[in-house]
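Report on one structure; see the data block that follows.
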Number of protein chains: 2
Amino acid sequence: MEEIQLILAKNLKAIREKEKLSLEKVSQLSGVSKTMIGQIERGESSPTLTTIWKIANGLKISFTSLINSPQPDTKVVLKSEIQVLSEDNGRYRVYPSFHFQEDRRFEVYSVEIESEGALSSDSHREGTEEFITVFDGEVTISVSDSSYILKSGDSIRFKADRPHTYCNSGDTLTRLSMTMYYPT
Amino acid sequence: MEEIQLILAKNLKAIREKEKLSLEKVSQLSGVSKTMIGQIERGESSPTLTTIWKIANGLKISFTSLINSPQPDTKVVLKSEIQVLSEDNGRYRVYPSFHFQEDRRFEVYSVEIESEGALSSDSHREGTEEFITVFDGEVTISVSDSSYILKSGDSIRFKADRPHTYCNSGDTLTRLSMTMYYPT
DNA sequence: TTGTTTTGGACATTATAACATACAAATAAA
DNA sequence: TTTATTTGTATGTTATAATGTCCAAAACAA
């Protein structure tokens, strides 16, 4: 028996109990036999992709909620706890709020760029996308031979799996929120 | 044959070709028979959870990269284009930058709350999580009988599949970045 | 061009997922 | 308390996942 089977077993049982459903009811909703639901919950069987899919659809939950380990409900990250990362002689500063997690596929940062500050970034992983909103100042983002000038309140989404640069093109501090998404 | 099998088939074949691996090589890396790898790629079989897991681990990729589908390049959203949504007599304002998309599972907003402004939100979908960073001011977020006071630079992640409130608990404008994640 | 190696897939066999049925235990109703 | 219903699990059967073996075709090397 593999550990992944145990995770599935635990998750399915928890969801069923939370929703107060019997094995029979889950069977009806999903089209998977009651016996099989029981086997899965006891970790006695490693169901096929199709079977898991049917269960997830029947219960209207995500596939990943069946195979991922649970996380705590709430997490606060104070500014004082954040490990700031500096580049460009401190003129470009990254404040990571939420690091990447496998089940979620994105991470969240704040970024500050002093006047005349800039950063050139190498390609990120295949398919990576950045979602940026300007909170203060002005930034010029260059990617794929294009440049985008964004002012306070503007947003941009672009493919970050190629070299790109961020440049404070104004004369005041620029502040950005950044959500980095990794599809793979 | 189910659609989910075709997605898996397509993804596995794409990854294998991209990495220039033979069926035999994937078999060695994963501990799954070459024949089975071939069957999976041709959509002839719905593999068990354990088998998929072995493949993902063997190829050092995520489970979800085997069961999810692809997407276009750059999009700019100017502040002038954003449809602002107001609540609480205009004291609570939402600026949606990037709407939800099925393959991505999150959306991105900015939020402004005037002094004495607040919003009570009903439960979002099962499993929904919010990732919030304070850019200016102070906010008190209440969820699950707990309240969290956050100041500029602080962040919070919480389960939003239950009622929750946001309240400007300071005396200046509060500005937040918000990433809403829907696992389902 | 010929010879060798690699590759993907057909086919048969084995292992196990998935189902149907039966039943004891638990729960609910009278 | 008794009766009825629901629930979870054991067991046997069927369907299919997963493997091993073989071979033609493709790719590579000389």
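Everything numeric here is computed off the predicted structure, so don't read it as measured data. Every chain is numbered from 1, with letters handed out A, B, ... down the list of sequences.
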message: Rounded to whole Å, how long is the line connecting atom CD1 of B:I55 with atom C1' of D:dA18?
response: 11 Å
- line: Atom CG of A:L23 and atom P of D:dT5 are separated, to the nearest Å, by 20 Å
- prompt: Which word best sums up how the rings of B:F63 and B:W53 line up, parallel for under 30°, tilted for 30 to 60°, or perpendicular for over 60°?
  reply: tilted
- prompt: Can you tell me how far NZ of B:K151 sits from OG1 of B:T174, rounded to the nearest 0.5 angstrom?
  reply: 10.5 Å
message: Hydrogens and angles aside, do B:E130 and B:Y166 bring a side-chain donor and acceptor to less than 3.5 Å of each other?
response: yes
task: Could you tell me the separation between the CD atom of A:E24 and the C1' atom of C:dA26, rounded to a whole number of Å?
output: 16 Å
- request: Mark yes or no: B:K75 above the aromatic ring of B:F98, with NZ or CZ under 6.0 Å from the six-membered ring centre and no more than 45 degrees from the axis.
  value: no
statement: Between CD1 of B:I4 and P of D:dA17 the distance, given in whole Å, is 14 Å
- prompt: When you check the side-chain N and O atoms of A:S62 and A:T64, is any donor under 3.5 Å from an acceptor?
  reply: yes
Whole-Å gap separating C1' (C:dG8) and NZ (B:K25): 17 Å
field: Interatomic distance, A:K13 NZ vs D:dT7 P [rounded to whole Å]
entry: 13 Å
Polar atoms only, N or O, under 3.5 Å: list the protein pairs with nucleotides 12-19 of chain C and their distances.
from: C:dA17; atom 1: OP2; to: A:S45; atom 2: OG; distance (Å): 3.4
from: C:dA17; atom 1: O5'; to: A:S45; atom 2: OG; distance (Å): 3.1
from: C:dA18; atom 1: OP1; to: A:T48; atom 2: N; distance (Å): 3.1
from: C:dA18; atom 1: OP1; to: A:T48; atom 2: OG1; distance (Å): 2.5
from: C:dA18; atom 1: OP1; to: A:T51; atom 2: OG1; distance (Å): 2.7
from: C:dA18; atom 1: OP2; to: A:T48; atom 2: N; distance (Å): 3.3
from: C:dC19; atom 1: OP2; to: A:S33; atom 2: N; distance (Å): 2.7
from: C:dC19; atom 1: OP2; to: A:S33; atom 2: OG; distance (Å): 2.6

message: Looking at A:R16, I'd like to know whether one of its side-chain N or O atoms comes within less than 4.0 Å of OP1 or OP2 on D:dG8.
response: yes
- prompt: Would B:F158 and B:Y148 count as a close aromatic pair, with their ring centres under 6.0 Å?
  reply: no
